[in-house]
Amino acid sequence: MTQLMDSFQTALPPAKTRRKARVGLVAGGLGTYWPQFPDLLPQLEQSAEFVAERFREFDADVVDVGFISDARDGDRAAEVLRRADCDIIVLFLTTYLTASMVMPIAKRSNAPILVIDLQPTEKMDHATFDTGAWLAYCGQCSVPELGNVFRRSGVPFRSVSGWLNQPSAWRRIEQWINAAQVRATLRHARHGLMGHVYPGMLDVSTDMTLLPATFGSHVEVLEFDDLRVRVASVTDREVTERMDLAREIFAVDSTVDEDDFFWGAKVSVGLDRLVDDFGLDSLAYYHRGLDGEQHERLGAGMILGASLLTARGIPTTGEFELRTSVAQLVTQVVGAGGSFCEIQALNFEDDVVEMGHDGPAHLGVASREPTLRGLGVYHGKRGWGVSVEFDVQHGPVTVLGLGQDADGSLSLIASEGEVVPGPLLAIGNTTSRVDFGRDPGEWVDEWSGTGVAHHWSLSTGHRSGDYRAAAQLLGIDFREVRGITDHARSSDRPITRRETHA
């Protein structure tokens, strides 16, 4: 997150706290070796403790079942981990072990499995090593065996091979822990859906059964009246306090009408109560309204409060965009923020895609102090009021959408780029100039062919690895649109990658 976010985080209401990823950890080796090589097991147990300590440094709850040496140990570990309800289970191969030792864990735990084999150092000292010393380096020997048996048993296989202090190996492991946090969040998430779909936007309509069926999430159907009664109970003192908070966070433009500002602050307080009362992790909303009636005014007054909620880790998204609020939640829990956006224009001189949106935005990824601007009309929507304007912090970014196919299956769809400086519209929208390293028109064509809807989350950092891992743990497709400057390859044509996960 940016320093800007840190500067006003203390002024915001508390950030949303969620269930941490629960990581099961098992270390093991073949017990036949212990009487043969008495010094081996103590060395391997020391490596296992090193790995366990590294895992305890992650922001996760670690269930460490210790060291297993045979199939009976594996059976006992499987029962502990089955009851623990883990989001991922990590098998640390300290030396060779048989597949029979870990199959009970893989089949009974109902959790994704990650195999790691981290030898003690970069290489063996061949001149001094005996058989016992070598065996501490042969955890990799089991990896193809487990890959084969897992595949034959219908267990998705994933692994990280390396050495104990290898930074790149731990970065890869961290991606899986981040993915486990996504799985933990979506398994227990409560998504609010308030109002109705924007008329004619067929792409954003979502079968609500898909989220509980795919992730385990709950969708709470809300009425704008649920918000109306809460807004009505907000006091003038609470509104004044919320306006003071907004002045700390935003540069309030001269176009802001004081009555509209007051109303947006009042709706903001009511939104906080709605989210708390229903225990929401995200909220998607839209209401068309008519002739300034109360529900229209509620819909038009959402932007300030929705942006503050999104900054607290509760994506609050317009146009009834349930799937995009889920994508924003994914980018949020891996620490990448995530602002609601769509394509706004293309710049073929600078080779950038200008993207953003009117309405709610993630303040924590702003490149500068966000502006609160008054609008007499919301384009394509009824009503008027205050809106948020800024661009996302400059540097590497990843866009992430949640697509839906003809068979109803969901997919995570990503593309890495870079936000670059340059001229921006000052019309009360979030707008960022994203360079994907290729002709922007070609990028749009490739991106649109993936099945993504016309909204997505703009997140900070190059995060495709995290999102790919999350898709694997969630059991859905991952698709990536890559630019011509991404990675060395012989063809000069950009590629779209699609990965299907059992």
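The figures here come from the full heavy-atom set of this structure, side chains too, leaving out hydrogens, waters and symmetry mates.
Side-chain contact of S432 with D391: a donor-acceptor pair under 3.5 Å is absent, judged by distance alone. Donor-acceptor pairing under 3.5 Å is lacking for the side chains of H462 and E418. Side-chain contact annotation: T94 with S47, donor-acceptor N/O pair under 3.5 Å absent. With no hydrogens or angles considered, no side-chain donor-acceptor pair links S109 and R82 at under 3.5 Å. In summary, the side chains of W447 and S415 do not present any donor paired with an acceptor at a separation below 3.5 Å, with no hydrogens or angles considered. At a cut-off of 3.5 Å, with distance as the only test, no side-chain donor of S457 or S459 sits close to an acceptor on the other residue. No side-chain N or O of S282 forms a donor-acceptor pair with one of Q328 less than 3.5 Å apart. Between the side chains of T431 and E354, no donor N or O sits under 3.5 Å from an acceptor N or O.
Without hydrogens or angle criteria, S325 side chain to L322 main chain gives a donor-acceptor distance under 3.5 Å. The main-chain N or O of T121 is found under 3.5 Å from a side-chain atom of Q119 such that the two form a donor-acceptor pair. Side-chain atoms of R463 come within 3.5 Å of backbone N or O of V334 as a donor-acceptor pair. Remark: side-chain polar atoms of T331 are not paired, donor with acceptor, to backbone N or O of A336 under 3.5 angstrom. E416 places a side-chain N or O within donor-acceptor distance of the main-chain N or O of S464, the cut-off being under 3.5 Å. A distance-only check finds no donor-acceptor pair linking the side chain of S411 to the backbone of F478 [under 3.5 Å]. Using modelled atom types, no side-chain atom of D405 and backbone atom of G408 make a donor-acceptor pair closer than 3.5 Å. With hydrogens and angles ignored, the 3.5 Å screen pairs no side-chain donor or acceptor of T95 with any backbone N or O of C138. Judged by distance alone, with hydrogens and angles left aside, the side-chain atoms of S448 form no donor-acceptor pair with the main-chain N or O of D445 at under 3.5 Å. Between the side chain of R479 and the backbone N or O of T450, at least one donor-acceptor pair lies under 3.5 Å.
In this structure, V434 and V420 have side chains that are not in contact, with every pair of non-hydrogen atoms separated by 4.5 Å or more. At a threshold of 4.5 Å between non-hydrogen side-chain atoms, the residues V397 and F436 do not count as touching. Under the 4.5 Å side-chain criterion, counting only non-hydrogen atoms from C-beta, F150 is in contact with I113. The shortest side-chain heavy-atom distance between P120 and Q43 falls under the 4.5 Å cut-off. Side-chain contact between P421 and R433 is absent, with no heavy atoms from C-beta onward closer than 4.5 Å. By the 4.5 Å heavy-atom criterion applied to side chains, D75 and R108 are counted as neighbours. Under the 4.5 Å side-chain criterion, counting only non-hydrogen atoms from C-beta, T209 is not in contact with V219.
Minimum heavy-atom separation, G461 to T398: O-OG1, 2.7 Å. Annotation for S307 and A361: closest pair OG-N, 3.1 Å, computed over non-hydrogen atoms. The shortest heavy-atom contact between L329 and P315 is N-CG, 3.7 Å. Of all non-hydrogen atoms in D203 and A453, the two that sit nearest each other are OD2-CB, 3.4 Å. Closest of all the heavy-atom pairs between I105 and G74 is CG1-O, 3.7 Å. The shortest heavy-atom contact between A469 and A179 is C-CB, 3.5 Å.
With sequence neighbours excluded, the residues that form a salt bridge (charged side-chain N to carboxylate O under 4.0 Å, His left out) with D277 are R230. Among residues two or more places apart in sequence or in another chain, the ring pair (Phe, Tyr, Trp, His ring centres under 6.0 Å) test is passed with H455 by F340, H357. Partners of E57 by salt bridge (charged side-chain N to carboxylate O under 4.0 Å, His left out), not counting sequence neighbours, listed by chain and number: R54. Residues passing the side chain to side chain donor-acceptor pair (under 3.5 Å) test with T17, sequence neighbours excluded: none. Every residue was checked against the salt bridge (charged side-chain N to carboxylate O under 4.0 Å, His left out) condition with D351, not counting sequence neighbours, and none meets it. By the side chain to side chain donor-acceptor pair (under 3.5 Å) test, E220 pairs with R190, H218, sequence neighbours left out.
The salt bridge (charged side-chain N to carboxylate O under 4.0 Å, His left out) pairs that include a residue from residues 147-172 number zero, where partners must be two or more places apart or lie in different chains. The salt bridge (charged side-chain N to carboxylate O under 4.0 Å, His left out) pairs that include a residue from residues 16-29 are K16-D281, R18-D281, R19-D85, R19-D87, K20-D59, where partners are two or more places apart or lie in different chains. Evaluation of the ring pair (Phe, Tyr, Trp, His ring centres under 6.0 Å) test over residues 90-130, restricted to residues two or more places apart or in two chains, returns F129-Y137. Here side-chain hydrogen bond (donor to acceptor under 3.5 Å, both in side chains) pairs that include residues 175-184, with residues two or more places apart or in two chains, are N178-D466, Q181-T185. Within the structure, salt bridge (charged side-chain N to carboxylate O under 4.0 Å, His left out) contacts touching residues 24-53 (residues at least two apart or in different chains) are E49-R56, E53-R56.
Atom CG of L93 sits about 12.0 Å away from atom CG of L30, to the nearest 0.5 Å. Atom CG of D439 is separated from atom CH2 of W443 by 12.0 Å, given to the nearest 0.5 angstrom. Distance OG/S217 to CG/L186: 5.0 Å, rounded to 0.5 Å. Atom CG of L473 and atom CD1 of I88 lie 5.0 Å apart (nearest 0.5 Å). Atoms CG and CG, from L402 and L410 in turn, are 5.0 Å apart once rounded to the nearest 0.5 Å. Between the CG atom in D117 and the CG atom in L91 there is a gap of 11.0 Å [rounded to 0.5 Å].
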Report all side-chain donor-acceptor pairs from residues 31-38 shorter than 3.5 Å, counting only partners two or more places apart or in another chain.
from	atom 1	to	atom 2	distance (Å)
W34	NE1	S69	OG	2.9

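Other residues, nucleotides and ligands place no more than 12 heavy atoms under 6.0 Å from the CE atom of M208. Atom CD of Q46 is surrounded by 12 or fewer heavy atoms from other residues, nucleotides or ligands within 6.0 Å.
Taking the six-membered ring for Trp and thresholds of 30 and 60 degrees, W170 and F58 have ring planes inclined between 30 and 60 degrees apart.
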